[in-house]
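Structure first, commentary second.
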Amino acid sequence: MTDERDDHPFTRDERLRKEERLLRRPEFTATQRRGGRHVMPALVVYAAHAEQPWTRIGLTVSRKVGGSVVRNVVKRRLREAFRRNKRDLPLGFDLVVIARVGAGDADYETLERELLEACCNARKRARLPKRGE
RNA sequence: GAGAUCCGCGAGACGAUCGCCGGCAGCCUUCGGGUUGCGGGAGGGAAAGUCCGGGCUCCACAGGGCAGGAUGGUCGCUAACGGCGACCGGGGGCGACCCCAGGGAAAGUGCCACAGAGACAAACCGCCUCGCCAGCUCCCUCGGGAGCCCGAGGUAAGGCUGAAAAGGUGAGGUAAGAGCUCACCGGGCCCUUUGGUGACAUCGGGCCGUCAAGGUAAACCCCAUCCGGAGCAAGAUCGAACAGGGGUGGUCUCCCUCGGGAGGCCGCGGGUGGCCCGCCCGUUAUGCCCCGGGUAUGAUCGCUUGAGCCUGCUGGCAACGGCAGGCCUAGAGGAAUGAUCGUCCACGCCAGAACCCGGCUUAACGCGGGUCUCGGAA
RNA sequence: UCGGGGAUCGUCUAAUGGCAGGACGACGGGUUCUGGCUCCGUUAAUCUAGGUUCGACUCCUAGUCCCCGAA
């Protein structure tokens, strides 16, 4: 995963397209079922090998986190953190980030740090993309 | 200065960079989109809760009956309202001011625990009259008398209870009493004067002591007024995919080219979105109903110009209305606002549009002003 | 978006508008050598704020939270 890292246009820039996001329910459930997990104080991250060569992210922020303002801010900060750090994250994964209750009180710096750490740890526990089950 | 009360205002500002969602224009395109430029993009007092009312869209729209729901002083405002304004009446507060589901209790029904004699109709203790066989007590001039008890009755003044007990004070009256009678106060009904659109206020008079007499209608209920149903996942257009199976009755009349056609009745299905009657539609079919199967989490429209916002003038006590000019101000579809930096105010509450408005209620920071009360100083 | 239901001791549940009751639990005590079973006693609640009423878990209004249903 070293040669084609900078080749794919989605990874080279710091934009965030819809193709880089998980949007549908089956995508979330599949990632959570197959992927490795890592828990942080404010986040839970699932990482699973994907079928596409780039990395996608999906966010889950439930009502337990807070009101709509708090939930929107958490989602925006997590998207921002993913966008800014795409270059340093492993390629070809689907990520599901679930905000825990403490995410509403965390600032951007905390969320960014936890996201990066959790992604790396969760990736190590991800199964290989074989035809399992 | 403190406390109270009412009203109003604001919702961090400016700039830069990287991203995100729409719009317009140019270019490229494999028609999916890409790219460049310009411009817009979280408002708000609550976007909230979804408690009311409307617009809009679709369905329904002979009629009748019974339900059901909502509202409840008057007049006005409004598209409408259960909202708002002004006023009336009642209540609270020293006051500024605040609160009130504020029609009907002689249409009927129900309930009023405990306590208390008694909860709306009686009479427990009382008070009083009469009677007095027997019994008890006392007095005695030894004949009898008085009282208690008992019996028959009259009372509702007093008593206790309670949230609530047939208006209050005084006098007369009586065996004792009572609006039983009278005076005053209070109350009810009717007529009347004046003011007001009206609720109502007010002047004068008459009648009523049967002043017939509690509360509760956010108990049932009665009266008056209003209410068709659903909701933008409404709804419209275009498209993709799949697999089909079953059911669609009876009878009568007429016409007839004997294939069929027209009509009536029963039945069945659907509509009338609470129910019933009734009515309407279908039952001749490329339709309808049932079972099963398939699907794009599809595209476009609806989707933001609207009871719109600002300014000025103007009518009205006000809510609100009229006229003129100016402005265009988010429109997504897993759903766009974040991160970083600089300067300043001296640190920012509640909180995020999803068809759109008018209200109500709830959440909550800061600032200003009016008024009232108390205290102090001059 | 629309509709329905609910909230009572720590838990599960009762209660015409009139003293909030029961079970389990907890605590204390008795019984037992100890524990359990068992017996006795105690503890402890009407989601919040107003209103109607003499009186509200109950009726009305507003709010908070939870559950269920339909498209």
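Treat the numbers as computed from the prediction; the structure is a model and nothing was measured. All heavy atoms count here, side chains included; hydrogens, waters and symmetry mates do not. Below, read A as the first sequence line, B as the second, and so on, with proteins coming before strands; counting in each chain starts at 1.
- Across every non-hydrogen atom of Glu114(A) and Pro41(A), the tightest pair is OE2-CD, 3.5 Å.
- Across the P atoms, A67(B) and A119(B) are found 37 Å apart, a figure rounded to whole Å.
- Side-chain N/O atoms of Arg84(A) include none lying less than 4.0 angstrom from OP1 or OP2 on U340(B).
- From Leu115(A), atom CG reaches atom CZ of Phe82(A) across 8.5 Å, with rounding to the nearest 0.5 Å.
- To the nearest whole angstrom, the two C1' atoms, one in C9(C) and one in C57(C), are 14 Å apart.
- Taking syn as a glycosidic angle within 90° of 0, U304(B) qualifies as syn.
- Nucleotides C360(B) and A70(B) are separated by 16 Å at their C1' atoms, to the nearest Å.
- Nucleotide U297(B) holds its P atom 18 Å from the CG atom of Leu22(A), rounded to whole Å.
- Atom P of U129(B) sits at a distance of 23 Å from the matching atom of C180(B), rounded to the whole Å.
- Nucleotide A96(B): unpaired (no Watson-Crick or G-U wobble partner with both distances less than 3.5 Å).
- The side-chain heavy atoms of Val45(A) and Met40(A), taken from C-beta on, include no pair separated by under 4.5 Å.
- The interatomic distance linking Asp107(A) (CG) with A339(B) (P) rounds to 10 Å, in whole Å.
- The nearest whole Å value for the distance from the CG atom in Leu78(A) to the C1' atom in G19(B) is 15 Å.
- Shown here, C372(B) forms a base pair with G3(B); the pair counts as Watson-Crick or G-U wobble because both key distances fall under 3.5 Å.
- Taking 4.0 Å as the cut-off between side-chain N and carboxylate O, Lys86(A) and Glu20(A) count as a salt-bridged pair.
- Leu95(A) places none of its side-chain heavy atoms less than 4.5 Å from the side chain of Arg56(A).
- The interatomic distance linking Lys75(A) (NZ) with A335(B) (C1') rounds to 8 Å, in whole Å.
- For Asn72(A), there are no side chain to side chain donor-acceptor pair (under 3.5 Å) partners two or more places apart in sequence or in a different chain.
- Nucleotides A56(C) and G17(C) have their C1' atoms positioned 7 Å apart, rounded to a whole Å.
- Applying the Watson-Crick and G-U wobble criteria (two distances, each under 3.5 Å), U257(B) pairs with nothing in any strand.
- Regarding Asn85(A), its CG atom lies at a distance of 14 Å from the C1' atom of G338(B), rounded to whole Å.
- Taking atom C1' on both U210(B) and G188(B), the two are 12 Å apart, rounded to the nearest angstrom.
- Taking the side chain to side chain donor-acceptor pair (under 3.5 Å) definition, one finds that Gln32(A) meets it with nothing, sequence neighbours left out.
- Both distances falling under 3.5 Å, in either a Watson-Crick or a G-U wobble arrangement, occur for no nucleotide opposite A285(B).
- Pairing for U109(B) is with A219(B), a Watson-Crick or G-U wobble pair whose two hydrogen-bonding atom distances lie under 3.5 Å.
- In this structure, the CG atom of Asn72(A) is 12 Å from the C1' atom of G334(B), given to the nearest Å.
- In this structure, G28(C) is classed as anti because its glycosidic torsion departs from zero by more than 90°.
- Applying the 90° criterion around 0 to the glycosidic angle, G22(B) comes out syn.
- Nucleotides of RNA chain B nearest to Glu109(A) and Phe28(A) differ in position, and the one nearer the 5' end is that of Phe28(A).
- Taking a pair to require two hydrogen-bonding distances under 3.5 Å in either a Watson-Crick or a G-U wobble arrangement, G45(B) remains unpaired.
- The phosphate of A339(B) (OP1 or OP2) has a side-chain N or O of Arg77(A) nearer than 4.0 angstrom.
- Contact annotation: Arg21(A) does not reach the phosphate of G19(B) (side-chain N/O to OP1 or OP2, under 4.0 Å).
- Taking the P atom of each, U52(C) and C227(B) are spaced 32 Å apart, rounded to whole Å.
- Contact check on Arg83(A) versus Glu80(A) returns a salt bridge, with a Lys/Arg side-chain nitrogen under 4.0 Å from an Asp/Glu carboxylate oxygen.
- Residue Ile98(A) contributes atom CD1, which lies 15 Å from atom C1' of G334(B) at whole-angstrom precision.
- Checking C355(B) for Watson-Crick or G-U wobble geometry (two distances, each under 3.5 Å) identifies G55(B) as its partner.
- Taking atom C1' on both C303(B) and G316(B), the two are 39 Å apart, rounded to the nearest angstrom.
- In G45(B) the O4'-C1'-N dihedral to the base is within 90° of 0, which defines a syn nucleotide.
- Under 4.0 angstrom from either OP1 or OP2 of U337(B) there lies at least one side-chain N or O belonging to Arg76(A).
- Taking the syn range as angles within 90° of 0, the glycosidic angle of G143(B) is syn.
- Arg83(A) contributes no side-chain N or O that forms a donor-acceptor pair with the base of C20(B) under 3.5 Å.
- Judged by Watson-Crick or G-U wobble contacts below 3.5 Å, the nucleotide C14(B) has G342(B) as its partner.
- The residue among Val70(A) and Glu80(A) whose nearest nucleotide of RNA chain B lies closer to the 5′ end is Glu80(A).
- In this structure, Phe82(A) atom CZ and G338(B) atom P are separated by 20 Å, rounded to whole Å.
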